[in-house]
2 protein chains.
Amino acid sequence: MKAGSAGWWKARYAALARQRPRAGGLELGRITEVALRIVDGEGLAALTMRRVAEEMGVRHTSLYRHVASRDELLVELVDHVLGEVRPAESGKGWRADAEQSAWDFRRVLLGHPAIVPLLTAGQLLGPNALRARETGLGLLISAGWKPSQAVQIYLTVTHFVIGTALLGTGGAARGAGERTAMTDLFAGLPQYPLVRELAVPLNLPDGDQEFRFGLTALLDGIGDPR
Amino acid sequence: MKAGSAGWWKARYAALARQRPRAGGLELGRITEVALRIVDGEGLAALTMRRVAEEMGVRHTSLYRHVASRDELLVELVDHVLGEVRPAESGKGWRADAEQSAWDFRRVLLGHPAIVPLLTAGQLLGPNALRARETGLGLLISAGWKPSQAVQIYLTVTHFVIGTALLGTGGAARGAGERTAMTDLFAGLPQYPLVRELAVPLNLPDGDQEFRFGLTALLDGIGDPR
DNA sequence: ACCTGAACACCGTTCAAGT
DNA sequence: ACCTGAACACCGTTCAAGT
């Protein structure tokens with residue numbers, strides 16, 4: 001059973017419903033917290049089973065009593081992070097709500113850049129993901145969009161947020177060193193005059209501004225329910 | 001020197017310019033081809049140095065004579081794939097050109113789904129990436145967009161194409177098995193009625209249709225140069 | 001100049017054994 | 001029920017040695 005698949009989540013939901021408040025604090029919850037701390041601080045590559053175990057003062061083989069694989073841990077981690085997204089409630093109409101939701105989703109993702117690539121691994125079917133989906137669709141449908149349009153809009157905007165988070169964090173040239181290296185590189189490549197001339201805005205994009213530009217264009221282009 | 005960084009590419013361009021047509025066919029070119037074949041057929045995880053070497057009838061340690069690391073091989077692979085993108089030449093105005101470029105870029109990415117995640121690793125500074133960038137910016141600027149606007153539009157559309165390719169290939173539920181598993185899952189989750197009702201369009205999105213919808217909205221929202 | 005063999009320092013995962 | 005120790009089958013990478 002592949003971690004994160006529909007079948008996997010079905011078993012997972014069943015386990016959650018069955019679960020009694022255990023004595024020593026949920027072990028999986030603690031593992032997830034430790035994993036998130038490692039990932040936030042040192043990136044995804046630093047998240048090894050051995051490292052998590054070390055942090056918890058336990059042998060790495062013990063973790064397999066609580067989590068079936070590293071992949072499964074990553075799936076739990078993703079839904080845990082999605083739990084930080086707050087439901088939109090601007091009261092200013094669907095477009096304002098959509099904008100606020102998008103910005104809030106972005107805020108959460110930028111807070112945990114290392115887990116963003118994991119959002120592309122497959123369907124997001126955890127409780128927090130489904131809650132956000134339900135809220136988003138409800139917002140659009142009660143604003144007058146037909147269900148099929150609501151799906152389209154929801155997917156497009158969500159994918160836009162994930163895509164820009166993914167490309168904004170990886171793509172920007174941080175630090176003065178990388179910036180001068182870039183100038184150096186283009187200085188020796190006269191065959192690309194526009195690329196060279198526009199090196200600064202191209203390579204030091206203001207992520208928030210690009211996000212605002214794209215989101216505005218997208219929502220302008222979508223228009224209003226008709 | 002981190003593979004794919006500006007400094008790394010500078011050295012790489014210098015090496016390319018210095019290079020004479022070698023006797024036995026470029027070794028790095030052959031390595032890249034073998035790597036692409038593996039990746040296309042079996043995914044990124046199957047691309048190990050040992051596997052590439054085996055495919056070439058050589059010991060894996062020999063590869064390090066031609067490529068400094070696996071990361072470096074991945075960077076070469078990405079630019080190699082970007083070489084498949086064809087320059088747009090519709091002759092029907094900037095918007096038609098932009099649409100055609102976006103669809104062509106999408107076509108290339110869907111042809112090599114396993115390398116799409118690599119596009120988010122950092123700046124794309126290889127010769128094929130810069131050529132595409134130069135062409136795209138030229139197209140926009142000669143259509144009347146100001147350079148700063150051209151950069152904004154170019155980045156937004158490019159990121160949109162990458163983002164949808166990334167999320168479309170990973171997100172869709174392929175196959176009847178996964179589809180019935182999804183139905184099964186939602187049947188047991190009455191707390192998400194909209195998610196359940198709209199399970200089919202949400203989880204079996206037509207990637208091309210979502211792409212068309214989003215691209216149209218984006219370009220509609222961007223409008224024309226003013 | 002290029003390839004080989006042995007070795008190092010890591011991984012994730014399994015499983016019998018202990019308590 | 002939970003943790004441990006040893007082991008397996010992998011990785012990427014380095015480097016002295018061969019030709």
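Computed from a predicted structure; not experimentally measured. Chain identifiers are assigned alphabetically (A, B, ...) following the order of the sequence lines, protein sequences preceding nucleic acid strands; residue numbering begins at 1 within each chain.
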- request: Would you mind checking if R37(B) and D40(B) are paired as a salt bridge, meaning a charged N to carboxylate O distance below 4.0 Å?
  value: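 So D40(B) does not pair with R37(B) through a salt bridge.
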
- prompt: Checking all strands, does R65(B) fall into the base, sugar-phosphate, or nothing category for heavy-atom contacts under 4.0 angstrom?
  reply: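 If one applies the 4.0 Å heavy-atom cut-off, R65(B) turns out to touch a base.
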
Interatomic distance, [X] [atom1] vs [N] [atom2] [rounded to whole Å]:
X: D71(B); N: dC11(D); atom1: CG; atom2: C1'; value: 13 Å
X: Y64(B); N: dA6(C); atom1: OH; atom2: C1'; value: 15 Å
X: L28(A); N: dC2(D); atom1: CG; atom2: C1'; value: 15 Å
X: L63(B); N: dG5(C); atom1: CG; atom2: P; value: 14 Å
X: L73(B); N: dT13(D); atom1: CG; atom2: C1'; value: 14 Å
X: L47(A); N: dC10(C); atom1: CG; atom2: C1'; value: 15 Å

query: Of T61(B) and M49(A), whose nearest nucleotide on DNA chain C comes first from the 5' end?
result: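 Looking at the nearest nucleotide for each, T61(B) comes out on the 5' side.
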
Could you tell me whether the phosphate oxygens of [N], OP1 or OP2, come under 4.0 Å of any side-chain nitrogen or oxygen in [X]?
X: H66(B); N: dC3(C); answer: yes
X: S62(B); N: dC2(C); answer: no
X: R70(A); N: dT13(C); answer: no
X: R50(B); N: dC10(D); answer: no

- prompt: Which dot-bracket string fits DNA chain C when only Watson-Crick or G-U wobble pairs with both atom distances under 3.5 Å count, crossing pairs get [ ], and | stands for a partner on a different strand?
  reply: ||.|||||...|||||.||

Could you check which of [options] has an atom nearest any side-chain atom of [X]?
X: H60(B); options: dG5(D), dA7(C), dG5(C); result: dA7(C)
X: T48(A); options: dT13(D), dG12(C), dC2(C); result: dG12(C)
X: V58(B); options: dC3(C), dT13(C), dA6(C); result: dC3(C)
X: R59(B); options: dG12(D), dG5(D), dT4(C); result: dT4(C)

field: L118(A) and V75(A): CA distance, side-chain angles, deciding distance, side chain to side chain contact (heavy atoms under 4.5 Å, CB included) verdict
entry: CA-CA 8 Å; L118(A) 301 177; V75(A) 169; over 6 Å; no

message: Using the rule given for side chain to side chain contact (heavy atoms under 4.5 Å, CB included), can you reason through H66(A) versus I31(A), listing the C-alpha separation, both sets of side-chain angles and the distance that settles it, and then say yes or no?
response: CA-CA 9 Å; H66(A) 302 96; I31(A) 294 174; 3.8 Å; yes

- prompt: For R196(A), what residues pass the salt bridge (charged side-chain N to carboxylate O under 4.0 Å, His left out) criterion, not counting sequence neighbours?
  reply: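 Expected list: none.
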
task: Answer yes or no: is there a donor N or O on one side and an acceptor on the other, between the side chain of D79(A) and the main chain of A129(A), under 3.5 Å?
output: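 Checked: pair present.
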
- request: Check if the side chain of S69(B) and the base of dG12(D) share a donor-acceptor pair of N or O atoms closer than 3.5 Å.
  value: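 Under the 3.5 Å cut-off, the side chain and the base do not form any donor-acceptor pair.
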
query: Cation-pi between R106(A) and F211(A): NZ/CZ under 6.0 Å from ring centre and within 45° of the ring axis?
result: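 Satisfied, under 6.0 Å and within 45°.
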
message: Please find the pair of heavy atoms, one from L119(A) and one from L167(B), that lie closest to each other, and give the distance.
response: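 Closest heavy-atom pair between L119(A) and L167(B): O-CD2, 4.0 Å.
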
